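Notes for the one structure printed next.
Lettering follows sequence order; numbering is per chain, from 1. On a predicted model such as this, the values are computed, not experimentally measured, just so you know. Worth knowing before you read on, the calculation uses all heavy atoms, side chains too, and leaves out hydrogens, waters and symmetry mates.
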Protein chains: 2
Amino acid sequence: MKVLIVEDDPLHRSYLHEAVNAALPECDTVIEAENGTVGEKLARDHKSAHIVMDLQMAKRNGIEAARTIWKERPETRILFWSNYSDEAYVRGVSRIVPDGAAYGYVLKSASDERLKLALRSIFIESQCVIDREVRGLQQKSLGQTNGFTDSEYEILVDIALGLTDRAIAKRRGLSLRSVQNRLQQLYDKLDVYQSAGDDHEDGRFNLRARAVTVAFLRKLLNYSALERAEAELQEWLEGK
Amino acid sequence: MKVLIVEDDPLHRSYLHEAVNAALPECDTVIEAENGTVGEKLARDHKSAHIVMDLQMAKRNGIEAARTIWKERPETRILFWSNYSDEAYVRGVSRIVPDGAAYGYVLKSASDERLKLALRSIFIESQCVIDREVRGLQQKSLGQTNGFTDSEYEILVDIALGLTDRAIAKRRGLSLRSVQNRLQQLYDKLDVYQSAGDDHEDGRFNLRARAVTVAFLRKLLNYSALERAEAELQEWLEGK
DNA sequence: CAACAAGCTGCGGGTTTACGCAAGACGGCG
DNA sequence: CGCCGTCTTGCGTAAACCCGCAGCTTGTTG
């Protein structure tokens with residue numbers, strides 16, 4: 001069995017290497033990549049079926065890499081190993097995981113034991129292992145309760161990118177008014193009105209900008225999500 | 001000599017511990033803290049004069065911690081050891097370093113050698129050591145060339161927080177029109193008009209929101225900067 | 001001191017946002 | 001089928017935003 005490690009921090013990489021060796025005696029080869037681009041290439045060359053992937057990498061992040069890898073070989077098993085449990089990451093991952101694929105999401109703060117267990121469960125037993133903290137987010141995020149609908153999330157991203165109402169309407173195939181309706185919904189859920197009306201005349205917020213910030217502070221958005229969205233936007237702009 | 005290490009990743013922490021031992025034989029005690037809050041407390045209790053500090057920590061980030069530490073004892077020597085060289089961090093650090101203080105900024109990607117050298121230079125020789133990559137940013141950022149003025153940066157933060165023009169005017173003691181002038185300057189420098197006018201009628205951006213995003217993508221802003229700004233805003237709102 | 005650049009301010013107007021109101025469209029469900 | 005909730009769309013309005021124009025206050029420089 002071969003395992004590919006994609007992780008840009010050398011310390012973490014060697015830690016992972018050791019953990020894999022310890023947890024998987026049946027593994028005879030470990031390959032390492034220091035960013036997403038190299039990771040994709042190695043995965044392709046070696047036809048890797050077992051990958052441990054960091055999410056936040058400078059060059060090309062884990063979600064991008066995982067997406068192209070899964071596109072080529074959907075049965076690949078990937079364990080995401082991340083520092084954070086931002087809702088943006090969780091949402092990003094669940095967006096790209098193929099039907100029935102075995103994958104995992106473990107936080108770097110987890111114990112050695114937990115990491116090793118996850119490695120065995122996913123790579124040997126083909127089970128999904130999601131860190132309980134992440135799991136909580138997932139439920140909230142994807143279930144409708146308290147979470148955001150896809151359309152709400154979509155429009156959040158659109159205003160975060162800085163599109164006008166009109167541009168959003170065109171992009172999403174909606175009328176101007178519908179876009180604005182969704183915006184209102186979003187403002188509502190993000191509770192942007194908070195101190196807006198407290199001392200009238202005074203501390204009013206610019207709802208649109210405020211919504212983006214609040215989403216950021218709540219980890220609904222993060223750098224990597226923005227980066228991806230921006231890339232998609234540029235792509236769309238090309239295609240007129 | 002005593003050295004305090006403030007770093008939330010256990011792996012990095014023990015790596016630092018070893019590096020300190022290797023580089024500074026005259027150091028007899030090493031203390032560790034796993035976040036900013038604990039770091040502040042230990043620094044106070046031990047009257048630490050030599051600190052190695054991570055910037056990005058979940059609980060209370062390095063800039064906050066360094067600020068209060070320096071406020072209490074400005075002669076403290078601090079080596080910032082960070083993953084990133086975001087302009088937001090660089091700016092944040094240079095904002096809080098006291099006159100004539102010895103400090104350093106080394107990236108985690110630097111070699112062992114570089115780290116050890118920096119440790120000796122700062123703690124023994126009282127010299128400032130700034131990673132060359134960071135140095136570049138600093139020049140650009142604080143020198144006027146190509147960089148942003150304080151007032152431009154200020155207004156960038158204000159719109160990022162989601163304040164209205166009127167609110168900004170009140171907060172900064174300016175007229176409405178002046179605020180808008182500064183906004184125009186900002187839009188100009190951030191080059192927000194880029195594809196705005198390309199296919200007229202169509203892909204227009206909302207300048208205000210776009211400016212924030214562009215700043216984010218350029219690392220002019222980041223989570224930690226937003227977080228700090230939000231805290232300051234809340235404080236200001238309290239004080240009416 | 002005159003001259004000039006840089007920043008603040010008011011005025012005016014064109015555009016974009018935010019949102020109430022109300023009229024369809026669509027899909028369950030009794 | 002008729003009732004109801006959710007989603008979409010158009011109309012209209014008040015507010016906010018973007019910005020050109022022009023008069024003022026500064027600080028700088030020859």
Side-chain angles (χ1 to χ4, degrees), chain A residues 143-145 147-197 199-215, chain B residues 143-145 147-156 158-197 199-214:
Chain A
Q144 54 282 48
T145 3
F148 290 72
T149 339
D150 282 344
S151 55
E152 282 156 0
Y153 186 73
E154 204 177 60
I155 205 164
L156 169 61
V157 171
D158 284 339
I159 58 170
L161 285 174
L163 296 173
T164 58
D165 290 4
R166 196 191 315 282
I168 299 175
K170 197 158 295 181
R171 176 134 121 107
R172 305 298 181 186
L174 290 172
S175 76
L176 231 190
R177 190 59 180 88
S178 292
V179 170
Q180 296 172 333
N181 266 341
R182 293 190 177 184
L183 279 175
Q184 271 184 267
Q185 253 179 280
L186 183 69
Y187 298 156
D188 226 33
K189 282 213 184 166
L190 282 174
D191 200 23
V192 177
Y193 305 94
Q194 44 154 154
S195 57
D199 38 6
H200 53 104
E201 301 292 327
D202 205 45
R204 190 73 139 284
F205 282 117
N206 176 317
L207 298 178
R208 181 176 281 246
R210 184 65 183 166
V212 176
T213 304
V214 169
Chain B
Q144 53 281 50
T145 0
F148 290 72
T149 342
D150 282 343
S151 55
E152 282 156 0
Y153 186 73
E154 203 176 61
I155 206 162
L156 168 62
D158 284 339
I159 59 170
L161 286 173
L163 295 173
T164 57
D165 290 4
R166 196 192 313 282
I168 299 175
K170 197 158 296 182
R171 176 134 119 109
R172 305 298 181 187
L174 291 171
S175 75
L176 231 187
R177 189 60 181 88
S178 293
V179 171
Q180 295 172 334
N181 268 341
R182 293 190 177 184
L183 280 175
Q184 270 183 269
Q185 259 179 276
L186 183 70
Y187 297 155
D188 226 32
K189 282 215 185 167
L190 283 175
D191 199 23
V192 177
Y193 304 94
Q194 45 153 157
S195 58
D199 39 6
H200 53 105
E201 302 290 327
D202 205 45
R204 190 71 139 286
F205 282 118
N206 175 317
L207 299 179
R208 180 176 281 245
R210 185 64 182 167
V212 176
T213 305
V214 170

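Put simply, the side chain of A/Lys189 reaches to within 4.5 Å of the side chain of A/Thr149, judged on heavy atoms. You'll find the side chain of B/Leu163 stays beyond 4.5 Å of the side chain of B/Arg172, heavy atoms only. In this structure, the side chains of A/Asn181 and A/Gln184 come closer than 4.5 Å at one or more pairs of heavy atoms. Within the 4.5 Å cutoff, no side-chain heavy atoms of B/Asn206 are placed close to those of A/Ile159. When side chains are defined from C-beta on, B/Leu207 counts as touching B/Tyr193, because their heavy atoms get closer than 4.5 Å.
Rounded to an integer number of Å, the gap from B/Glu154 CD to C/dC8 C1' is 15 Å. Taking atom CZ of residue B/Arg182 and atom C1' of nucleotide C/dA6, one finds them 12 Å apart after rounding to whole Å. In this structure, B/Tyr187 atom OH and D/dC17 atom C1' are separated by 8 Å, rounded to whole Å. Computed from coordinates, the B/Leu183 CG to D/dC19 P distance equals 9 Å when rounded to whole Å. Distance, B/Arg166 CZ to D/dA15 P: 10 Å, rounded to whole Å. Taking atom CD on B/Gln185 and atom C1' on D/dC18, their separation rounds to 15 Å, with Å as the unit. One interatomic measurement links the two molecules: CD of B/Glu152 to P of C/dC8, which rounds to 11 Å at whole-angstrom precision. Nucleotide D/dC18 holds its P atom 15 Å from the CZ atom of B/Arg210, rounded to whole Å.
Remark: A/Arg177 is not in phosphate contact with D/dC11, judged by side-chain N or O atoms under 4.0 Å from OP1 or OP2. For the pair A/Ser178 and D/dT9, the criterion of a side-chain N or O lying under 4.0 Å from OP1 or OP2 is met. For A/Asn181, no side-chain nitrogen or oxygen approaches OP1 or OP2 of C/dC19 to under 4.0 Å. Listed pair A/Gln184 / C/dG20 meets the phosphate criterion, a side-chain N or O lying under 4.0 Å from OP1 or OP2. OP1 or OP2 of D/dC17 has at least one side-chain nitrogen or oxygen of A/Asn206 nearer than 4.0 Å.
Nucleotides of DNA chain C nearest to B/Gln180 and B/Gly173 differ in position, and the one nearer the 5' end is that of B/Gly173.
With D/dT9, C/dC19, D/dC19 as the choices, the nucleotide that has an atom nearest any side-chain atom of A/Tyr193 turns out to be C/dC19. Which of C/dT9, C/dC19, D/dT8 sits closest to the side chain of A/Leu174 comes down to D/dT8.
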